[in-house]
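Residue numbers begin at 1 in each chain, while the letters A, B, ... track the order of the sequences. These numbers come from the heavy atoms of this one structure, side chains and all, not from hydrogens, waters or symmetry mates.
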Amino acid sequence: MHIFDSVQKTKRKFTPLKEGKVTLYVCGPTVYDNAHLGHAKSALVFDLLARVLEANGYEVTYARNITDIDDKIIKKALEQKKDIKTVTDFYTEAFHTEMEAIGVKRPTLEPKATQSLEAMIDLIQKLIDKGHAYTTPDNDVYFDTTSDSRYLTLSHRNQNEEEKQERVVSSHHKKNHADFALWKNVKDETIAFDSPFGAGRPGWHLECSAMIEKHLAYSDTPFAIDIHGGGADLLFPHHENEAAQTRCATNHELANYWIHNGFVTIDGEKMSKSLGNSFFLKDALKEYDGEVLRFYLLSTHYRSNFNFNTQDLEASKKRLDKLYRLKKRLFGVTPCSDETAFKKALLDALNDDMNVSLSLALIDEMINSTNETLDTPGKHKLLKREAVANLAYIEELLGFGVKNPFEYFQFGINEATKERIETRIKQRNIAKKAKDFSLADKIRDEILSLGVHLMDTPQGTFWEKV
RNA sequence: GGUGCCAUCGCCAAGUGGUAAGGCCGCAGCCUGCAAAGCUGCUAUCCCCAGUUCAAAUCUGGGUGGCACCUCCA
């Protein structure tokens, strides 16, 4: 298996720190608002990574945090006149529901900031003791970036002279412009936690380092964990700062491999809450099956930027439809248990830095050749069983085709309409038998106006939402 | 301004030194009462210029265009 390490900027062969095991940490959401398509993309990418690692036989411990301490959360709670916890619980649950809808499995661990305060305080104390952190006159605790000789080696930045001069002037008691808060002393009555440094709140970058130490870190390897992931915008300053805290406090580097996914854009511009062009997952789920969104968002390489538009989404849906039609065609067939050439090729493609595009090409070729054979006379028993096994593998690895194929094609149709369609189909079949094709066509047109296609097959008449 | 990424058929998108995968759309055909679905066939020399090489979409240099990070951000 090879993955592209965004710190070394090269595709590297993956070798775990401990034989047969993988520790993976991904930066999760700050729960103050609904998840947009960008959050979905990131969750999807690392869900796929975890699946591929597991398919390679690794025992994967995957942690994705939930940031439930944050200024934006406090702001939201004040606006809505609600408790912090009411707000964070609401959005955490929404996140879970929406992730489930797009087939993202729950990570092994989902640590929350509010449950990790002790670990964060420990980490700050270590940094203070070792001279990497200092307290300001305002009683904030800051990380001293100049105390870390390897600072900026992760994101490959350099501090230019101009910036260095400017920062002395503009800083609020910070020694250096790049220094960041580990603990913010509370200056209002909103929310505060006790600590040896006074009542306050932890800085955002801290929680990931603390959670990794608490839940995942090895103590006898040069790196705390195997893989750290997140969106490309987190490389700097978030991951740079995490890495600095961890190496300075613990004497090991944070992660052996770093993976960053590309952005979801709209009209070529990054989707973000601050730009106000977010497309919320919950809204997309009203229009489209979650699996269609999964397929679409995962259909291009994870490191590329992904320009969202509904035309491409529709094209993706048609591609997924083909998979489900084959599934429908093979409904009830027992899979064979043998290895198939297809399965091997599919895993090989995904093992190459998650080459989903190549996997999709392989899947389409498999679907086409299976359909082709099925169109010729004969029972094709073995081929059918192999094809079903292949489809099951696609489900397991990529999470495509997990639904009942008949239900998949009925997305968004209510029960009353379903009954009406079934009744009309029966009437139409009577008309067909009587060779009254004008009535049959009239009924078909009527059903088509509901957005439903009829398909006459030797096994009977089926229907699908267009 | 600093740093980095990207540019392949109408659209989406693999390939990163050996002569252009796949999907959508379109056209022609098979099948079908007619459709739908399925199947078959057809459609690019890779932003521009120069260079390296027996050989480049793939490497180097220079352009042009787009995007991102440097502030909260998946």
Side-chain angles (χ1 to χ4, degrees), chain A residues 6 9 11 26-30 32-33 35-46 64 67 70-72 152 155-163 177-178 204 229-238 240 260-265 268-275 278 296 299-307 309 311-322 325-326 328-329 349 352 355-365 367-376 409 432 435-438 440-441 444-445 447-448 452-458 461-464 466:
Chain A
S6 48
K9 298 186 185 194
K11 207 187 269 187
V26 175
C27 293
T30 300
Y32 73 101
D33 203 351
H36 62 218
L37 262 19
H39 297 105
K41 166 95 182 174
S42 180
L44 248 10
V45 164
F46 293 104
R64 184 185 60 206
T67 300
D70 181 90
D71 290 351
K72 294 186 289 295
L152 297 182
S155 57
H156 307 289
R157 270 157 214 283
N158 42 43
Q159 299 163 291
N160 61 49
E161 293 305 312
E162 207 176 321
E163 203 177 37
H177 175 79
W204 173 49
D233 50 354
L234 297 181
L235 180 55
F236 186 85
H238 187 54
E240 185 73 60
H260 292 93
N261 65 276
F263 298 121
V264 177
T265 62
E269 278 207 319
K270 179 184 170 186
M271 181 184 299
S272 79
K273 286 170 184 172
S274 50
L275 286 174
S278 297
Y296 175 50
S299 65
T300 72
H301 192 88
Y302 73 90
R303 274 187 282 117
S304 307
N305 278 355
F306 185 96
N307 194 233
N309 72 72
Q311 287 72 35
D312 294 344
L313 202 175
E314 293 289 348
S316 274
K317 181 187 177 299
K318 287 181 182 172
R319 208 172 181 179
L320 218 211
D321 286 352
K322 277 179 75 171
R325 289 207 183 92
L326 179 61
K328 205 155 71 167
R329 204 171 176 180
D352 183 13
N355 192 335
V356 178
S357 292
L358 185 56
S359 321
L360 292 183
L362 292 168
I363 290 170
D364 282 322
E365 279 161 14
I367 292 172
N368 284 344
S369 71
T370 305
N371 274 323
E372 191 184 348
T373 308
L374 256 28
D375 280 352
T376 63
F409 286 110
K432 270 175 60 186
K435 301 234 185 277
D436 183 354
F437 293 121
S438 70
D441 290 352
R444 186 169 61 199
D445 287 345
I447 294 175
L448 187 62
V452 171
H453 267 304
L454 291 190
M455 338 173 77
D456 295 324
T457 76
T461 302
F462 297 110
W463 62 272
E464 290 184 358
V466 179

Side-chain-base donor-acceptor pair under 3.5 Å for A/Asn305 and B/C5:
no
Applying the Watson-Crick and G-U wobble criteria at under 3.5 Å, what pairs with B/C69? Answer none if nothing qualifies.
B/G2
Think A/Asn371 has a side-chain N or O under 4.0 angstrom from the OP1 or OP2 of B/C39?
yes
To the nearest 0.5 Å, how far apart are CD1 in A/Ile447 and NE2 in A/His453?
12.0 Å
Any donor-acceptor N/O pair under 3.5 Å between B/G38 base and A/Asn368 side chain:
no
Taking for each residue the nucleotide of RNA chain B with the nearest heavy atom, is it A/Pro29 or A/Glu464 whose nucleotide lies nearer the 5' end?
A/Glu464
Find the partner of B/G51: check Watson-Crick (N1-N3 plus N6-O4 or O6-N4) and G-U wobble (N1-O2, O6-N3) distances, both under 3.5 Å, and reply none if neither fits.
B/C59
Locate the shortest heavy-atom distance separating A/Gly28 from A/Arg64; write the atom from each residue and the value.
CA-CG, 3.7 Å
Among the candidates B/C39, B/G33, B/A36, find the nucleotide nearest to the side-chain atoms of A/Glu372.
B/C39
Distance check, P atoms only: B/C49 and B/A57, in whole angstrom units.
13 Å
Nearest to the side chain of A/Arg157, heavy atoms from C-beta on, is which of B/A36, B/C12, B/G2?
B/G2
Of the nucleotides B/A13, B/A74, B/A37, which has the atom closest to the A/Arg325 side chain?
B/A37
Determine: side-chain N/O of A/His177 to OP1/OP2 of B/U71, distance under 4.0 Å, yes or no.
yes
Any strand: nucleotide that pairs with B/U45 via Watson-Crick or wobble, under 3.5 Å
none
Nearest listed nucleotide, side chain of A/Ala315, among B/C24, B/A68, B/G22:
B/C24
Between A/Arg303 and B/C5, is there a contact of a side-chain N or O with OP1 or OP2 at under 4.0 Å?
no
Candidates B/G23, B/C34, B/A74 - which lies nearest the side chain of A/Arg319:
B/G23
B/C67 phosphate, OP1 or OP2, under 4.0 Å from A/Asn307 side-chain N/O:
no
Can you tell me which nucleotide in B/G38, B/C72, B/A14 comes closest to the side chain of A/Trp204?
B/C72
From C-beta outward on A/Phe263, which listed nucleotide comes closest to its side chain: B/C34, B/G22, B/A74?
B/A74
Looking at A/Asn309, I'd like to know whether one of its side-chain N or O atoms comes within less than 4.0 Å of OP1 or OP2 on B/C11.
no
Indicate the atoms forming the closest heavy-atom contact of A/Ser278 with A/His36, along with that distance.
OG-ND1, 3.4 Å
Pairwise C1' distance, B/G33 and B/C42 [rounded to whole Å]
29 Å
Do A/Asp352 and A/Lys11 have side chains that approach each other closer than 4.5 Å (heavy atoms only, starting at C-beta)?
yes
Considering just the side-chain nitrogens and oxygens of A/His39, establish if one lies under 4.0 Å of OP1 or OP2 belonging to B/A74.
yes
For B/A28, the Watson-Crick or wobble counterpart (both distances under 3.5 Å)
B/U40
Measuring from the side chain of A/Glu269 (C-beta onward, heavy atoms only), which nucleotide among B/A68, B/A36, B/C39 has the closest atom?
B/A68
What I want to check is whether an N or O donor and acceptor connect the side chain of A/Arg444 with the base of B/A35 at under 3.5 Å.
yes
Do we see a donor-acceptor contact under 3.5 Å between the side chains of A/Asn371 and A/Ser369?
no
Who pairs with B/U64 - Watson-Crick or G-U, where each distance is under 3.5 Å
B/A7
Look at the side chain of A/Lys432 and decide which nucleotide, out of B/A37, B/A13, B/G33, has an atom nearest to it.
B/G33
Across all strands, who's sitting opposite B/U19 as a Watson-Crick or G-U wobble pair, both distances under 3.5 Å?
none
Below the 4.0 Å mark, does B/A36 have OP1 or OP2 next to a side-chain nitrogen or oxygen of A/Trp463?
no
For a quick test of reading the model, state the closest non-hydrogen atom pair linking A/His260 to A/Leu235 and the distance between them.
CE1-CD1, 3.5 Å
For A/Lys41 and A/Phe263, run side-chain contact (heavy atoms from CB on, under 4.5 Å): C-alpha distance rounded to whole Å, both residues' side-chain angles, the deciding distance at 0.1 Å, then the answer.
CA-CA 8 Å; A/Lys41 166 95 182 174; A/Phe263 298 121; over 6 Å; no
Has A/Asn355 got a side-chain N or O lying under 4.0 Å from the OP1 or OP2 atom of B/G15?
yes
Taking only side-chain N and O atoms of A/Lys318, does any of them lie within less than 4.0 angstrom of OP1 or OP2 on B/C25?
yes
C1' gap between B/A13 and B/A44, integer Å:
14 Å
B/C69, OP1 or OP2 - any side-chain N/O from A/Lys270 closer than 4.0 Å?
yes
Angle class for the A/His238/A/Trp204 ring planes (parallel below 30°, perpendicular above 60°, tilted otherwise)?
parallel
Just compare B/A74, B/C39, B/A14 and give me whichever is closest to any side-chain atom of A/Asp233.
B/A74
RNA chain B: 5'-proximal contact among A/Asp321 and A/Lys41 (nearest heavy atom)
A/Asp321
